[in-house]
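Encoded as structure tokens, the structure appears first; notes follow it.
Index from 1, following the sequence. Every number for a ligand or one of its atoms is a count from 1 in the order of the listing.
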Amino acid sequence: MTTIDSPTAVGSGNAATDKFKGARFTADTSPERLSAIATEALAGLSALIHRHAVTYPEYRVLKQWLIEVGEGGEWPLLLDVFVEHDIEEVNSTRFRGTKGSIEGPYYVPGAPELPAQCTLPMRDEDRAHTALVLRGRVTDLDGAGLGGAIIELWHADDEGYYSQFAPHLPEWNLRGTIVTDSEGRYEITTIQPAPYQIPTDGPTGQFIEGAGWHPWRPAHLHLRVTSPGKQPIITQLYFAGGDWIDDDVATATKPELLLDPRLDDTGRKVVSYDFALDPEAD
Ligand code: BEZ
Ligand code: FE
């Protein structure tokens, strides 16, 4: 396990790589399918090399940069910023329930279990920021409440740091596993997240800066919603009118995932959102 002692790209990158490597993934890909995908990928690369007449210095810089992406543990970051949104899109076309969005590199299973009405674990300094109350129901496609459904919620703090990927934060800060009540209802109090800048001090950040792009994601909440016999949803909720909504570096916003909270008379932001889960595939 990599020990991180400062919230840097290399720290969060290595932590994300270690967590990903902890699981062993397989895919049922035939040699024919692998060959077809690899052939097209290489043909695309070949075409762009010819079109842009890529030079030897550029090729060597690319090789060096790819090595640095691996050494900095940034493959999860790089792939989740630039590739995951397309994978999510092609794999969600058959679903009729709540829209999904990318998972990103910072999901951690096993966050503390909390009742349907709860406050996420947070530090005193987090409590000083604007409270956000997210409430609603988890239902099936016909609107029937799903009691005992599980909502895993995780998000960055006001400075853009995720617990377990920045060493100064308590282990489960702003993470929770919430169980809906018998009618599928939940009400979670947390804090309003801020727009999030992906780490800029590593190779992914250097590439983004070198290309003259920006590293920002709009403020967001990550959620994974599950119930027995239903298709799990991995998604994100965003804030209508917020910065970077229309220009997310990870291309992961969708109009159906925008929240528009109102201020209550105690200064909290309050908003409702219902999750509808598709039945599990046969
Ligand atoms: C995120 O936290 O949402 C995220 C971070 C890096 C890449 C993709 C998503
Ligand atoms: Fe995020």
| task | Looking only at protein heavy atoms, identify the closest one to atom 2 (O) of ligand 1 and say how far it is in Å. | result |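 Going by distance alone, atom 2 (O) of ligand 1 is nearest to Y162 OH, 3.0 Å.
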| Tell me, which protein residue and heavy-atom name are nearest atom 4 (C) of ligand 1, and how many Å apart are they? |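 Protein heavy atom at minimum distance: P105 CD, 3.7 Å.
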Is there at least one pair of N or O atoms, one from [X] and one from ligand 1, spaced under 3.5 Å apart?
{"X": "Y106", "answer": "no"}
{"X": "R217", "answer": "yes"}
{"X": "Y196", "answer": "no"}

| request: Examine W65 together with F207 and report whether their ring centres are nearer than 6.0 Å. | output: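 They qualify: ring centres under 6.0 Å apart.
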| query | So, Y162 versus H222, ring centres under 6.0 angstrom or not? | reply |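 Between H222 and Y162, which both carry aromatic rings, the centre distance is below 6.0 Å.
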| field | Minimum non-hydrogen distance to atom 7 (C) of ligand 1, winning option of L78, I102, V81 | value |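 Looking at heavy atoms only, the winner is V81.
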| Counting heavy atoms only, which of T251, L77, D80, L221 comes nearest to atom 6 (C) of ligand 1? |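 When every heavy atom of T251, L77, D80, L221 is considered, L77 comes closest to atom 6 (C) of ligand 1.
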| message | So that I can tick it off, tell me whether K254 and E256 are bridged by a salt bridge, with the cut-off set at under 4.0 angstrom between side-chain N and carboxylate O. | response |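 Between K254 and E256 there is no salt bridge, as every charged N stays at least 4.0 Å from the carboxylate O atoms.
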| query | Should the pair R96-D278 be classified as a salt bridge under the 4.0 Å nitrogen-to-oxygen rule? | reply |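 Salt bridge: no.
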| Counterpart residues, salt bridge (Lys or Arg N to Asp or Glu O under 4.0 Å), relative to E187 (two or more places apart) |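 Checked E187 against salt bridge (Lys or Arg N to Asp or Glu O under 4.0 Å); matches are R135.
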Distance-only criterion, 3.5 Å: show the donor-acceptor pairs between side-chain atoms of residues 136-143 and protein atoms not counting sequence neighbours.
| residue | atom | partner | partner atom | Å |
| --- | --- | --- | --- | --- |
| R137 | NH2 | G143 | O | 3.1 |
| D140 | OD1 | D142 | N | 2.8 |
| D140 | OD1 | G143 | N | 3.0 |
| D140 | OD1 | A144 | N | 2.9 |

| Among all residues two or more places apart in sequence or in another chain, which pass the side-chain contact (heavy atoms from CB on, under 4.5 Å) test with L66? |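 So L66 forms a side-chain contact (heavy atoms from CB on, under 4.5 Å) with L62, W75.
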| query | Which atoms of the protein, restricted to N, O or S, are nearer than 2.8 Å to the Fe ion (ligand 2)? | reply |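 Near the Fe ion (ligand 2), the protein supplies Y162 OH, H220 NE2, H222 NE2.
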| request: State whether F165 and K19 meet the cation-pi test: NZ (Lys) or CZ (Arg) under 6.0 Å from the six-membered ring centroid, and within 45° of the perpendicular axis. | output: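 So K19 does make the cation-pi contact.
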| query | Where does H222 meet ligand 1, judged by heavy-atom distances below 4.0 Å: at the side chain, the backbone, both, or neither? | reply |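 The part of H222 near ligand 1 is the side chain, not the backbone.
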| Mind checking whether Y161 and H168 have parallel, tilted or perpendicular rings, split at 30° and 60°? |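 Taking H168 first and then Y161, their aromatic rings stand perpendicular (interplane angle over 60°).
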| said: I need the atoms of ligand 1 closer than 4.0 Å to a non-hydrogen atom of H220, numbered in the order shown. | reply: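 Near H220, meaning under 4.0 Å from one of its heavy atoms, ligand 1 has 1 (C), 2 (O), 3 (O).
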| task | Check H220 against P193 and note the closest heavy-atom contact, atom names and distance. | result |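 That closest heavy-atom pairing would be O-CG, 3.6 Å.
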